[in-house]
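Index from 1, following the sequence. What you see is a predicted model; the values in this text were computed from it and never measured.
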Amino acid sequence: MIRLIRNAALSILAMSFIAQASAANWEEGTHYQVLDTPVRTASDSGVEVAEVFWYGCPHCYTFKPLVESWAEDLPEDVNYVKIPAALGSSWEPHAKAFYALEAMGELDKVHDALFDALAGERRPLNSGEALADFVSGHGVDGEEFLKNYNSFGVNAKMQQAQSKIRGARVTGTPTMLVNGKYRVTASMAGSHEATLEVVDYLIEQERAGQAE
């Protein structure tokens, strides 16, 4: 019995050392960047993890199943949000489409299809009218979509998002922002999988800071 307890204790200790060694591998300035000036988060409580993406980005398309699987098991105090980037004028229609669909409560219906069409098939959906025609083929009212697409509210949301992206000095997609303080990319972390490991590490760092 004593031997079993001792073995169990040694196993727990070994796992602890492994976890610490893994965490120690993530270095500021190498695997993630601390923002000079933090950007605002949507909530004052918990930890926000924001994925900055573009529907036409092949890297985002590859990252999508990984981040979605990761997000399924997030604890309640972690708020995962998506932020569509408009790093170039050709990206703007797709960012506006995201917010138009979100305003209509129809985003879940078309989100995957937009990725398939833009990143997977490289279809030229580069105007409100082309996007309205596309979403109408997926059970969304095209006229209502265009109304929202051209609305002040959607434009304001898009501008706020781009202000946050600029403030975080995001230059490519996908990029993960942790609690408005840290920026993580696959090129920094080493891979898409490692990106999420670094994000997990930073979440724990933020939790520890909030608990103090």
Transitive ILVMFWY side-chain link [X] to [Y], under 4.5 Å:
| X | Y | result |
| --- | --- | --- |
| Phe53 | Met188 | no |
| Val52 | Leu196 | no |
| Val198 | Leu74 | yes |
| Leu177 | Tyr201 | no |
| Val199 | Val34 | yes |

Taking side chain as C-beta onward, heavy atoms only, is [X] less than 4.5 Å from [Y]?
| X | Y | answer |
| --- | --- | --- |
| Asn179 | Thr41 | yes |
| Phe98 | Ile83 | no |
| Val110 | Phe134 | yes |
| Leu101 | Val140 | yes |
| Leu131 | Lys96 | no |
| His59 | Thr62 | no |

Which heavy atom of [X] sits nearest a heavy atom of [Y], and at what distance?
| X | Y | result |
| --- | --- | --- |
| Ser151 | Val154 | OG-N, 3.2 Å |
| Leu35 | Ala168 | CD2-O, 3.5 Å |
| Tyr149 | Ser127 | OH-C, 4.1 Å |
| Val170 | Leu87 | O-CD2, 3.9 Å |
| Val39 | Gly167 | CG1-C, 3.6 Å |
| Cys60 | Pro174 | SG-N, 3.6 Å |

Row check, Tyr99 ring normal vs Lys157 NZ/CZ: under 6.0 Å, within 45°: no
Short side-chain donor-acceptor distance under 3.5 Å, Tyr55 and His111: yes
Glu206 and Tyr182 side chains, donor-acceptor separation under 3.5 Å: yes
Test side-chain hydrogen bond (donor to acceptor under 3.5 Å, both in side chains) applied to Ser43 - qualifying residues, sequence neighbours left out: Ser45
Any pair counted as salt bridge (Lys or Arg N to Asp or Glu O under 4.0 Å), so long as it reaches residues 70-85, sequence neighbours left out: Asp77-Arg207
Salt-bridge present (Lys147, Glu143; N to O < 4.0 Å): no
Candidate pair Arg183 and Thr175, rule side chain to side chain contact (heavy atoms under 4.5 Å, CB included), full reasoning: CA-CA 7 Å; Arg183 184 177 66 244; Thr175 294; 3.5 Å; yes
Ignoring hydrogens and angles, write down the donor-acceptor pairs under 3.5 Å from the side chains of residues 113-124, residues two or more places apart or on other chains.
unit_1: Asp116; atom_1: OD1; unit_2: Tyr61; atom_2: OH; d: 2.6

